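Heads up, the thing below is written out as structure tokens.
Index from 1, following the sequence. Only a predicted model underlies this, so the values are computations on that prediction, with no experimental measurement involved. Both backbone and side-chain heavy atoms feed into the values below; hydrogens, waters and symmetry mates do not.
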Amino acid sequence: MNPSLQVPFPLSTNLQDNVKWLKQQLGESSDMNYRQFELGVYPDTNGVAMFYIEGIVKYDIINEHITKPLLSSQENESYWRQDICFHDLLCQAITISDLSLSFDGDTIVSALLEGKTILFADGYNEALIAGTAGWEKRAVDEPQTQTVVRGPKEGFTEDLRTNTALIRRKIRSPQLRFLSLHIGRVTQTEVVIAYLVGITDPKVVEEARQRLARIDTDSVLESGYLEEYIEDVTYSPFPTIMNTERPDSAAAGLLEGQIAILVDGTPFVLQAPVTFFRFLQSSEDYYQRFDIATFIRIIRYISFFVSMLLPALYIAITTFHQEMLPTTLLISLAAQREGVPLPALAEAFLMEITFEVLREAGVRMPRVIGSAISIVGALVLGQASVQAGLVSAAMVIIVSFTAISNFVTPALNMAVAARLIRFGLMLLAGTFGLFGILTGCMAILIHLASLRSFGVPYLTPIAPLVMTRLLDTFIRVPRWLAMVRPLSKTNRTRQKPYDKPSPPPKNRL
């Protein structure tokens with residue numbers, strides 16, 4: 001039952017009782033619009049009451065397809081002389097395709113809050129529900145967090161139906177299904193599970209539905225709420241559910257055997273199951289030549305490990321293992337650190353924390369004063385801090401390159417995980433040197449091997465080893481060689497075997 005309902009109410013045949021009851025449900029809220037008028041021919045006139053919520057309905061639909069036809073019908077007396085019930089006459093007059101009858105109070109209140117128009121008629125214990133929902137919404141625009149040079153420039157919006165339509169436009173197949181749920185005792189947020197029949201594992205769909213159905217909370221305002229409820233492992237920095245703003249990425253995931261979870265009110269769509277390596281791949285990998293995409297993908301892997309390990313390696317080598325450095329470089333580093341009062345570990349922490357503060361300030365501060373943070377950042381992370389003797393020039397280079405490498409990771413939540421782990425590895429490096437880093441890396445590897453995403457091992461296809469899927473993990477194979485769906489257990493074949501493309505013999509020179 002809708003929690004907004006104070007008590008279950010069977011609709012009455014008395015119009016005023018129904019009007020009074022519905023007004024009480026919303027506490028006579030100022031945004032609820034109510035109008036009552038008489039229809040029919042004297043002496044057989046009936047009172048009709050109409051309710052809708054301002055701001056979430058399309059006024060032109062109400063005016064053109066409900067109010068105007070009903071009032072115009074008054075001019076035709078023969079219309080009201082027909083030997084059919086008054087409710088059927090109303091249904092004939094209202095020219096809206098989405099029209100239904102209900103005597104359930106919960107359904108009526110929910111429909112009203114969704115933007116539909118409710119009509120009560122005197123003498124009937126049922127309500128007419130007309131689909132008039134509509135509101136101002138953001139136009140489809142380029143995604144802000146997942147930009148590409150080549151590829152579609154459209155991104156998801158906050159409107160759920162726009163997002164389902166964007167996916168439907170990519171996959172025009174009857175196999176594409178949308179399973180709808182409402183989550184949140186107060187917000188009643190609509191959540192949709194998208195999947196492809198015959199490709200997505202039915203067990204994954206059912207598991208997702210059950211996990212979502214178990215959620216009993218008062219509100220769902222963003223897909224991040226659901227992510228914390230349905231992910232396999234909570235206490236881990238590594239995400240086991242992916243999010244995307246791109247319809248092409250969501251469609252590609254569906255075609256590979258994933259499910260997509262869309263939440264009304266947010267442009268971020270969840271994708272599952274997912275593996276570790278999927279977070280380091282970009283949609284653009286598949287829009288350009290395979291050799292270029294492979295080169296960029298390898299750069300991306302290297303950058304991820306650099307963003308996680310570089311400061312720790314610098315601390316370990318300069319503190320415990322100076323013999324690993326060439327003499328010239330060692331003398332240069334020693335000369336730079338001559339006036340620095342802090343050890344390498346404290347120096348690195350100071351710079352990393354400063355950068356994190358600058359990054360957070362850059363995200364939160366108004367754009368009109370964004371240039372100020374750039375100037376301050378350049379002074380703090382630049383020559384000024386070196387001249388002040390707080391940090392060495394080498395440390396500035398290390399922190400800057402680490403930060404730039406972190407931005408290369410396509411998935412923001414995986415990039416954040418690398419940032420978090422970096423601080424732990426820096427502590428291990430400052431305490432135990434390279435042995436500490438090695439111990440930390442082994443612990444991370446064991447933890448990664450233990451993770452699951454909706455039953456799929458997180459390090460697939462490395463652990464467990466799946467040879468057929470290795471091709472599209474570290475390198476991007478040509479499309480004509482990618483014959484297997486990575487995450488589908490029910491339909492593994494993506495395409496028939498295709499020979500290497502070559503021109504017909506008659507066209508050869």
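- S29 and D31 share a side-chain donor-acceptor pair at under 3.5 Å.
- The closest side-chain heavy-atom distance from L255 to I171 is below 4.5 Å.
- Taking 4.5 Å as the limit, every side-chain heavy atom of S307 sits out of range of all side-chain heavy atoms of R419.
- Ring geometry for Y52 against Y59 counts as perpendicular: the plane angle is over 60°, on a 0 to 90° scale with 30° as the lower cut.
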Inset, instruction - Start with the C-alpha distance between N413 and E227, add both sets of side-chain angles, then the distance that settles side-chain contact (heavy atoms from CB on, under 4.5 Å), and finish with yes or no. - result: CA-CA 12 Å; N413 45 2; E227 189 174 346; 4.2 Å; yes
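- In the model, T200 has no side-chain atom that pairs as donor or acceptor with a side-chain atom of Q258 under 3.5 Å.
- A ring-centre distance under 6.0 Å is not found for F277 and Y458.
- A salt bridge does not link E158 with K137: none of the charged nitrogens is closer than 4.0 Å to a carboxylate oxygen.
- Between H447 and F238, the ring planes lie tilted relative to each other; the angle falls in the 30° to 60° range.
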Inset, instruction - Please step through salt bridge (Lys or Arg N to Asp or Glu O under 4.0 Å) for the pair R452 and E231, ending with a clear verdict. - result: CA-CA 9 Å; R452 296 285 188 278; E231 62 185 352; over 6 Å; no
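- Ion pairing of R337 with E347 is present here, as a side-chain N (NZ or NE/NH1/NH2) and a carboxylate O approach within less than 4.0 Å.
- Aromatic ring centres of F349 and F423 lie closer together than 6.0 Å.
- Of the charged side-chain nitrogens involved, none lies within less than 4.0 Å of a carboxylate oxygen, so that D60 and K58 do not count as a salt-bridged pair.
- Look at D472 and R479 and you find no salt bridge, because none of the NZ, NE, NH1 or NH2 atoms lies under 4.0 Å from a carboxylate O.
- Between D264 and V191 the shortest side-chain heavy-atom distance does not fall below 4.5 Å.
- Checking R209, K203, R211 one by one against E207, the side-chain hydrogen bond (donor to acceptor under 3.5 Å, both in side chains) holds for a single residue, R211.
- Between K170 and D248 there is no salt bridge, since no side-chain nitrogen of the basic residue lies less than 4.0 Å from a carboxylate oxygen of the acidic one.
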Inset, instruction - Take V391 and V340 through the test side-chain contact (heavy atoms from CB on, under 4.5 Å) and record every step on the way to the result. - result: CA-CA 6 Å; V391 295; V340 179; 5.6 Å; no
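- Between F474 and Y301, a ring centre-to-centre spacing shorter than 6.0 Å is recorded.
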Inset, instruction - Go through the steps for L113 and L26 under the test side-chain contact (heavy atoms from CB on, under 4.5 Å), then give the verdict. - result: CA-CA 10 Å; L113 296 173; L26 274 71; 4.1 Å; yes
Inset, instruction - List the steps, then state whether side-chain contact (heavy atoms from CB on, under 4.5 Å) holds for L310 with I398. - result: CA-CA 7 Å; L310 185 59; I398 293 292; 4.1 Å; yes
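- At a cut-off of 3.5 Å, with distance as the only test, no side-chain donor of E142 or T147 sits close to an acceptor on the other residue.
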